[in-house]
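Numbered from 1 within each chain, the chains take letters A, B, ... in sequence-line order. In what follows, every heavy atom counts, from backbone to side chain, and hydrogens, waters and symmetry copies are set aside.
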Amino acid sequence: MLEIKNLVVQIEDKRILNGLNLTVNNGEVAAIMGPNGSGKSTLSYVIAGKEDYEVLDGEILLDGQNVLEMEPDARAAAGIFLAFQYPLEIPGVASMTFLKAALNAQRKARGEDELTTPDFIKRVNAAATQLEIPKDMLKRALNVGFSGGEKKRMEILQMALLQPTFCILDETDSGLDIDALRIVSEGVNALRSPDRSFLVITHYQRLLNHIVPDTVHVMSAGRIVKSGGKELALELEANGYADYRESEAA
Amino acid sequence: MPAVQETIDQVRSIDVDQYKYGFETEVEMEKAPKGLSEDVIRFISAKKGEPEWMLQWRLDAYKRWLTMREPNWARVSYDKVDYNDIYYYAAPKKNPAPKSLDEVDPEILKTYEKLGIPLREQEILAGVEPQNRVAVDAVFDSVSVATTFKEELKKAGVIFMPISEAIREYPDLVKQYLGSVVPVTDNFFATLNSAVFTDGSFVYIPPGVRCPMELSTYFRINEKNTGQFERTLIIADKGSYVSYLEGCTAPKRDENQLHAAVVELIALDDAEIKYSTVQNWYPGDSEGRGGIYNFVTKRGDCRGKNSVITWTQVETGSAITWKYPSCILRGDNSRGEFYSIAVSNGKQQVDSGTKMIHLGKNTTSRIISKGIAAGKSDNTYRGLVSAHRKATGARNFTNCDSLLIGNECGAHTVPYIESKNATAVFEHEATTSKISEDQMFYCQQRGLSEEEATALIVNGFVKDVLQQLPMEFAVEAQKLISISLEGSVG
Ligand SMILES: Nc1ncnc2c1ncn2[C@@H]1O[C@H](COP(=O)(O)OP(=O)(O)OP(=O)(O)O)[C@@H](O)[C@H]1O
Ligand SMILES: [Mg+2]
């Protein structure tokens, strides 16, 4: 379970999160929607531990453990995964090499044995097949020259391989074609389980047709301003954020 | 930004180097009197039992050297070397010319054991495929203490021995080729080396022979205040092939030590020489105290048609590096290659690169250089590509990439291009990049520590060059690069 209490965050003297409260229970899929610049990516970075952000107040607890005190790699080992809105390129490092290094680093941090190469390859191949990622792509340098959609697929492949317990998907649907959206959604749905939760950031209802959320939260000006069930997303699709923008001014 | 700040702090706080080879060996040494003079040169020549012509050659070089000035065009700065405050010859007192390993001082054997350099053929043979064997010439300060697999190589017609031995046993070959690539008068350090060189390896591969194993020389500086002036001469006769590896280390000391080597390669018609170096001389501490001055002249002559010379270097050590392994592409259709990884950290200064001199027709060359600068180091690539009037159809491709870690280091690229033939095609690419904080965060988000992430990104950066190294060496080199960069991130 992830609990965020009264989170206040700024970057370079600019306040971005303003006392944000959010709880995501085990097994829950929570969607976050909200206007551009409302702080959705910022929230995901702060949960994952990006350095540049100054946390002025509040706390983030993962199963009761204070996440804010942990290094990003320790948070990853503890089960936090972020599928980036803009995945980074790592020139010269084959995707396969990267995946293996990441998986073994996490296993080491948790005091588990490294995977043997055949075991590792079996797992990667299974995940790649499900996400319809060609094997050749795994030999290429990570994300270098990948199309926007291929990068997003690679993020989900990493998630499937690392088996995190708290998964944040930051606009994973943007850049995906119709078939890819379905394939990626199926990949995510296959990972849904009672002890894994998801925070799905998106602008569009269409992703939520595939990945049906348990809860939907509206974020505006660095706060959760409304929460509801999956029908809230449909309402937003129809009416836009006009109502909630007003709450910014208030 | 916080991450950068932390990196800087971390780099500042490296007090003890990660250098693993900094131990000293206690052996009684015999030395020439300190300083440089005709007498010292006579002393060295006599110790080596050299013929008169060799002594004359040295003395001529010395006279010439006295009229020369130390070059100052490289982008390095260092305290002046006092050439009279150096020992030019140091050899183990007990048996300086051992006939077999049993005669070698056990302390010295232990040294190589500690360094991981196998000298006992039986041990090398155990568990190693015959084609993966490596013959070693071990040079300790001024003398070669052991050369392995000499007999077996001899059966194939290959001569592999200390150069001091070759001068006595194969004077004609040595006379014919020594100084034919790097003339005695070439440059200040090469001329100094010609006067005082002490040991190094000699290799001759007869026509049509593919050398049955990798050859290598391992240089160790041990003695204080002693310079190492090795001389290596490799001749690949028509249609032959040899791959040669060179490694080197030195103890940690507060004073600087001078290493001024000369390496000459000669490839005749259709011959190929691959020369790889893993240079790991003591780099000095984080304050820039101590470390080796590595002033080296390495040059290969593709003398015959269709000949090939490849230089591959992984440079992680030395306080100052001044080194430009070059190829003279004399034979028609000959090819020169230069693959380099130069890592600098702390206060190291590297000025390194290559020269590709196209003289023959349809000669080609390829330069791939990867410079990695961390800490407060300076890393310069300096390269010359030239085409002579007659070098019709000359082609070069150059790619120089620099990677910066932190904000206090520098990377510089200084390419010179001279073409006197209109048909020559020279391509040059250069990039400078930094490991971005976003890349770091991405890797850490996947579970990698900052150090693991840096190592991974750096490995990706140098991949094209590592692939050129013999397999075992590549793994070693990869480890070495990570060690050299340890402590360069927070
Ligand atoms: N380094 C920074 N310096 C200053 N402002 C920043 C910085 N990073 C983010 N911001 C600002 O913080 C606000 C929130 O950005 P964030 O990326 O979290 O929005 P978002 O909700 O993810 O938007 P989108 O829907 O467009 O992805 C924006 O106004 C952005 O310009
Ligand atoms: Mg965003």
Heavy-atom distances under 4.5 Å only: say whether A:Ala77 touches chain B with side chain, backbone, both or neither.
neither
At a heavy-atom separation under 4.5 Å, does A:Tyr86 approach chain B through its side chain, its backbone, both, or neither?
neither
Hey, does the side chain of B:Gln348 reach the backbone of B:Thr316 with a donor-acceptor pair shorter than 3.5 angstrom?
yes
Side chains of B:Thr312 and B:Gln468: do they bring a donor and an acceptor to under 3.5 Å?
no
With a 4.5 Å heavy-atom cut-off (strictly below), which parts of residues 100-139 of chain A touch chain B? List them by number.
A:Ala101, A:Ala102, A:Ala105, A:Gln106, A:Lys108
By a 4.5 Å heavy-atom criterion (distance strictly below it), what part of B:Glu452 contacts chain A: side chain, backbone, both, or neither?
side chain
Would you tell me whether A:Lys50 and A:Ser44 have side-chain atoms, one donor and one acceptor, within less than 3.5 Å of each other?
no
Sort out for me which residue in B:Tyr275, B:Tyr244, B:Phe338 forms a ring-ring contact (aromatic ring centres under 6.0 Å, His included) with B:Trp311.
B:Tyr275
Can a donor-acceptor pair be found between the side chains of B:Gln313 and B:Ser352 at a distance below 3.5 Å?
yes
Heavy-atom proximity to chain A below 4.5 Å, by part of B:Phe461:
backbone
Side chain, backbone, both or neither: which part of A:Leu82 has a non-hydrogen atom closer than 4.5 Å to chain B?
both
Taking side chain as everything from C-beta outward and backbone as N, CA, C, O, which of these in A:Leu142 sits under 4.5 Å from a heavy atom of chain B? Side chain, backbone, both or neither.
side chain
At their closest point, which heavy atom of B:Ser449 faces which heavy atom of A:Asp73, and how far apart are they?
CA-OD2, 3.3 Å
With respect to chain A, which residue among B:Leu456, B:Ile457, B:Ile435 yields the maximal number of heavy-atom pairs within a distance under 4.5 Å?
B:Leu456
Between B:Thr398 and B:Asn396, does any side-chain donor sit less than 3.5 Å from a side-chain acceptor?
yes
What pair of heavy atoms forms the shortest contact from A:Ala83 to A:Leu169, and how long is it?
CB-CD2, 3.8 Å
Modelled atom types, side-chain donor and acceptor of A:Gln163 and A:Arg196, under 3.5 Å
yes
